[in-house]
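Have a look at the structure below, then the notes.
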Amino acid sequence: MIQRFANPKRFDAIARRVAPVMAVAAAACLAWGVWLALFDSPPDFRQGDTVRIMYVHVPAAWMASAVYVLIAVASAVSLIFRHPLADVAARAAAPFGLAFTFLALVTGSLWGKPMWGTWWVWDARLTSVLVLFFLYAGYIAVWQAMEDTQKAARAAAILALAGSVNIPIIRFSVDWWNSLHQPASVFRAEGPTIDSSMLWPLGVMALAYTFLFAALWLYAIRTEIAARRARTLAMMVASRDEAADGTGEARHA
Amino acid sequence: MTAFLALVRRDVMLSFRIGGGAVLGLVFFLTVGALMPLGIGPEPQLLSKIAPGLIWVLAVLTALLTLDRLFQADFEDGSLDQLALGQLPLWLVVLGKVLAHWLTTGLPLCLFAPLMGVLFGLAPEGYWPLVLGLLLGTPALSLTGAMGAALTVALRRGGLLLSLIVLPLYIPVLIFGAGSAIMAVDGLGADGALMMVSALSLFSLVVSLPLSALSLKTHLS
């Protein structure tokens, strides 16, 4: 099945139709989620209205890790099966991952000031997410630094795999170390500890983020595929012209 | 085994000859160390409190500065191709070069770290955990760094990118390495942190060798 959808042309044909659907779903969920989060959910009995930062912060943090996992899986696929679409998918996801991580850090900081009395503490959860931010930056930098796309793809994939050790550290940092950050309260074996009046907006916002990422990601992959095809065609035209008149002068100039 | 030892001997000798970085790394470590009190101020209590962290950050920086040439010189003059064709598997070549790097930069740092401790007025309980932590932790610095060096081997100005790649991966070693000395000074016992440092070294041994060999292979083909 992977082989079937890994054909760039078929992928493009499917993505062309799926991406707008994702975009519409993202817009709908975002509108509903923002309504729920800002107007149709109760303020927390201790935190008051600042709890509403959660609906922006928590989905961003989830997406930050999830996108990295996605990049790591795509990188493994690219290293093992040598499929160029996996490279493109991993590369296209990275800027969005960086943006989600940044959003999580900034909103966390804004939430931390009223609640903990400080913008930033060097505890395990915050530090490991900051490391995630640096990993995204390094990953993007590797892509930028190498001209040869194939070599850049291999190098970036290896880095992504090495950096994936950070993901379980982020997940379990609040359990392993004493932390100001609260422990996991939604994905727990015993069920969530958040009241359903707050769980609903959170879930809708998480859906909105996921759809938004999916739409943007598909557009980014299609752009990258088109850019690569354009580059290949330009090279083909250049080499054909060179072969035709032997001087290397472009014929259509 | 002979081929492996020959490789280690060659790399160690090269780094002590003209153009090698063995002594330079140590000099950098001591010089920047001497700069710190000048910038921060000579207050003994403050210096003694931040001594373990400072020494560890300096060790990380020294490792980084010496790493970008780890494979690059051999890559440029073609020796790396010869090594890849030779009888040693590539991951053993990586291990040999990492071992030589550690012998010429990591080990001297461990030996001179107590001197730094004296300069910063480190509390007496901190010396053993500091040296032991460095002995157990600097191999992780060399190993993880080798992966970054292998990824950036073909880049003319790979040093900056190398730092960007490797520094986030150094953070756990730094935390537990410096933590061992800090905890010993605070009377909490350094054993747990030292065990974590050794675990990190062993883990990076397992992860870094195949990944470094893999990325070298991409650049060699």
Side-chain angles (χ1 to χ4, degrees), chain A residues 64 68 72 75-76 78-80 82 87 94 97-98 101 105 122-170 172-173 176-179, chain B residues 53 64 68 71 75 91 94 140 143-176 178-179 182 192-193 196 199-200 202-221:
Chain A
Y68 197 91
S75 298
S78 131
L79 278 179
I80 296 166
R82 302 280 163 87
D87 293 337
L98 188 76
T101 315
L105 286 170
W122 288 100
D123 85 346
R125 173 56 72 86
L126 281 73
T127 310
S128 55
V129 174
L130 188 64
V131 171
L132 182 70
F133 184 77
F134 291 144
L135 285 173
Y136 273 123
Y139 178 84
I140 295 171
V142 168
W143 272 108
Q144 301 283 337
M146 297 184 194
E147 279 172 39
D148 185 336
T149 325
Q150 296 251 307
K151 282 182 183 171
R154 301 290 296 282
I158 291 169
L159 178 64
L161 284 185
S164 61
V165 290
N166 192 37
I167 293 299
I169 297 182
I170 293 179
F172 294 111
S173 54
W176 290 343
W177 291 283
N178 286 324
S179 166
Chain B
L64 264 188
D68 62 330
F71 301 111
F75 178 75
W91 63 270
V94 174
L143 281 162
T144 315
M147 201 169 58
L151 284 175
T152 55
V153 68
L155 300 176
R156 189 92 34 90
R157 300 187 54 79
L160 269 178
L161 183 62
L162 173 73
S163 325
L164 197 59
I165 293 175
V166 168
L167 276 177
L169 301 175
Y170 275 175
I171 290 175
V173 190
L174 180 67
I175 290 175
F176 290 106
I182 293 170
M196 274 307 286
L200 287 168
L202 291 172
F203 182 70
S204 57
L205 182 74
V206 179
V207 173
S208 161
L209 292 182
L211 286 184
S212 307
L214 184 64
S215 46
L216 281 181
K217 229 176 256 167
T218 8
H219 288 296
L220 288 176
S221 56

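Remember, predicted model here, so these are calculated numbers, not experimental data. Computed from heavy atoms alone, side chains included, the values below leave out hydrogens, waters and symmetry copies. Chain letters run A, B, ... following the sequence lines, proteins first, then strands; residues in each count from 1.
Across all their heavy atoms, B:Leu169 and A:Gly163 have their closest contact at CD2-CA, 4.2 Å. In terms of heavy-atom proximity, B:Leu214 sits nearest to A:Arg154 at CD1-NH2, 3.6 Å.
B:Leu161 touches chain A through its side chain: at least one heavy atom from C-beta onward sits under 4.5 Å away, while N, CA, C and O do not. For A:Leu79, the part lying near chain B is the side chain, with the backbone staying farther off; criterion is any non-hydrogen pair under 4.5 Å.
For the atom pair CD1 (A:Ile158) and CG (B:Leu151), the distance works out to 5.5 Å, reported to the nearest 0.5 Å.
Residues from residues 132-142 of chain A that place a non-hydrogen atom less than 4.5 Å from a non-hydrogen atom of chain B comprise A:Phe134, A:Leu135, A:Ala137, A:Gly138, A:Ala141, A:Val142, given in numerical order.
Highest contact tally toward chain A, considering only B:Val166, B:Val207, B:Thr144, B:Leu155, is held by B:Leu155 [criterion: heavy-atom pairs under 4.5 Å].
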